[in-house]
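One structure is given here, and the rest of the page talks about it.
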Amino acid sequence: MWLIKRELIFIPFLLFTIFLLFPIKKYIHFGNKIIANKTSKKQFKILTYNIRYANESKDLRALEDSVIKRDVDIAFFQEIYTRQWRSKETFLVDRYNAVFDLVAISSKYPIINKQKIILPGNGYACLADIQKDESIIRCINIYLEPMFLTKNIFRIEKVDDAKDKTKVVVEKLSTGYKKHQVQIDLLIKYIKESPYPTIVCGDLNSVPLSYEYFHVKGNMLDVFELCGSGLGMSFYDYFYPIRIDYIFTSPDFIPKSSYVNKNIKFSDHYPVFAFLQLK
């Protein structure tokens with residue numbers, strides 16, 4: 001009897017998962033090929049990566065080697081420890097870096113302007129204007145307020161735990177969403193008023209079809225939705241994998257390819273890569 005009740009508890013989670021998987025192209029693509037190399041001078045490769053657990057020196061060295069080996073032109077990092085970047089053993093020292101609190105942008109090309117975007121609570125963001133050939137690209141890196149949900153919250157060993165833990169989840173999500181609304185209102189100004197072709201990347205701590213997704217995305221392009229390959233889920237620390245890490249661009253770009261690389265395992269997130277081309 002207990003086993004039956006235990007299984008019934010997870011029916012809402014199953015239904016919620018099915019709901020999240022619609023529309024499917026926001027999460028998964030079959031048949032699209034991953035581009036291995038740049039085929040045009042206007043093409044460049046970017047990644048966005050929450051490196052929460054990759055802040056020890058040995059992990060940073062390995063991650064640095066991975067970025068260089070994969071010839072990443074512009075990298076967006078979240079949940080960094082700035083002391084690692086500003087010490088004598090600076091991470092990616094041979095590149096142009098914009099580092100603010102928990103977010104950073106690292107570029108092969110000169111950064112001609114950089115700015116911290118002040119958000120309330122535990123949200124962080126920054127921007128960098130990057131000179132690539134004759135063009136200037138505005139890059140905005142976002143890390144929205146975390147929901148502070150842990151795996152233990154979703155572990156239900158007794159039927160009586162379900163009600164209490166559901167209440168905790170609802171309260172945490174409600175608090176997080178309210179903070180996201182304030183943070184997004186401040187961010188939208190920087191996105192809408194950008195005078196340059198714009199790339200927005202980061203960890204929104206929210207799934208597609210959410211308020212956060214649609215308001216940050218606005219009229220921009222969701223690169224994975226348009227040209228993704230394989231599974232787009234980048235965070236696997238809960239009962240089921242979710243997509244919370246994104247690459248958006250203004251219509252000035254042509255998305256060529258995007259994918260989540262599950263072979264890079266320095267964090268509880270996986271990095272999202274994309275090939276873009278300026279029109």
Side-chain angles (χ1 to χ4, degrees), residues 38 40-51 67 71-80 82 85 92 95-119 123-144 180 182-206 212-227 244-258 271-279:
K38 288 166 274 191
S40 165
K41 185 180 178 181
K42 289 189 175 183
Q43 285 185 10
F44 56 98
K45 187 177 187 179
I46 70 171
L47 75 79
T48 182
Y49 193 13
N50 181 318
I51 62 171
V67 170
D71 194 25
V72 176
D73 294 284
I74 305 173
F76 298 71
F77 296 108
Q78 304 86 40
E79 287 204 77
I80 65 162
T82 53
W85 292 59
L92 293 169
R95 296 165 63 96
Y96 301 92
N97 297 317
V99 184
F100 298 96
D101 298 324
L102 295 188
V103 291
I105 298 170
S106 180
S107 170
K108 286 170 58 176
Y109 312 110
I111 294 177
I112 62 174
N113 173 50
K114 54 188 174 182
Q115 178 183 343
K116 175 181 178 179
I117 300 175
I118 299 175
L119 302 178
Y124 298 90
C126 70
L127 69 80
D129 293 334
I130 295 173
Q131 181 80 53
K132 184 183 184 303
D133 302 323
E134 298 82 20
S135 302
I136 297 175
I137 300 170
R138 172 153 293 181
C139 297
I140 299 177
N141 192 6
I142 299 172
Y143 174 66
L144 289 185
H180 284 180
V182 178
Q183 293 168 0
I184 288 169
D185 286 344
L186 295 170
L187 286 165
I188 287 175
K189 175 184 176 182
Y190 289 91
I191 298 171
K192 288 185 175 180
E193 295 181 0
S194 170
Y196 309 119
T198 302
I199 302 170
V200 177
C201 291
D203 177 358
L204 300 188
N205 277 306
S206 299
E212 292 87 339
Y213 172 87
F214 284 108
H215 280 73
V216 172
K217 176 180 176 293
N219 294 323
M220 291 188 293
L221 310 175
D222 179 344
V223 173
F224 184 84
E225 183 178 15
L226 292 175
C227 63
I244 57 177
D245 301 286
Y246 302 93
I247 297 174
F248 302 124
T249 75
S250 62
D252 306 280
F253 297 90
I254 303 172
K256 307 297 288 187
S257 176
S258 182
V272 184
F273 287 83
F275 280 91
L276 304 175
Q277 180 173 315
L278 270 168
K279 291 183 178 178

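The basis for the numbers below is simple: all heavy atoms, side chains too, and nothing from hydrogens, waters or symmetry mates.
Side-chain contact between I199 and I46 is present, with at least one heavy-atom pair separated by less than 4.5 Å. With contacts defined as side-chain heavy-atom distances shorter than 4.5 Å, the pair E225/S258 does not qualify. Looking at heavy atoms from C-beta onward, N113 lies out of side-chain contact with I130 at the 4.5 angstrom threshold. With a 4.5 Å cut-off on side-chain heavy atoms, I105 and C126 count as touching. F77 has its side chain within reach of V67: a pair of non-hydrogen atoms, C-beta onward, lies under 4.5 Å apart. Considering only heavy atoms from C-beta on, L221 comes within 4.5 Å of P255 through its side chain. The shortest distance between side-chain heavy atoms of V103 and I142 does not fall below 4.5 Å. Residues Y196 and I137 fail the side-chain proximity criterion, which asks for heavy atoms closer than 4.5 Å.
Ion pairing between a basic and an acidic side chain is recognised when a charged N comes within 4.0 Å of a carboxylate O; D133 and K42 show no such pairing. A salt bridge does not link K45 with D73: every distance from a Lys NZ or Arg NE/NH1/NH2 to an Asp or Glu carboxylate oxygen is 4.0 Å or more.
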Verdict with supporting geometry, N50 and E79, side chain to side chain donor-acceptor pair (under 3.5 Å) | CA-CA 6 Å; N50 181 318; E79 287 204 77; 3.0 Å; yes
Passes ring-ring contact (aromatic ring centres under 6.0 Å, His included), Y246 versus Y213? Steps please.
-> CA-CA 9 Å; Y246 302 93; Y213 172 87; 5.5 Å; yes
Pair T48-Q78, side chain to side chain donor-acceptor pair (under 3.5 Å): steps then yes or no | CA-CA 8 Å; T48 182; Q78 304 86 40; 3.1 Å; yes
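Ring geometry, F253 versus F44: the interplanar angle exceeds 60°, so the pair is classed perpendicular (tilted spans 30 to 60°).
Note that K217 lies outside the cation-pi zone of F248, set by a 6.0 Å cut-off to the ring centre and a 45° limit from the axis.
In this structure, S106 OG and R95 CZ are separated by 4.0 Å, a value rounded to the nearest 0.5 Å. Considering NZ of K114 and OH of Y96, their distance stands at 11.5 Å, rounded to 0.5 Å. In this structure, I184 CD1 and H215 NE2 are separated by 7.5 Å, a value rounded to the nearest 0.5 Å. One distance of note links CG of N97 with CG of L92; it measures 6.0 Å at 0.5 Å rounding.
Dense packing is recorded around CG of L186, with more than 12 heavy atoms of other residues, nucleotides or ligands lying under 6.0 Å away.
No donor-acceptor pair under 3.5 Å is formed between the side chain of D203 and the backbone N or O of Y143.
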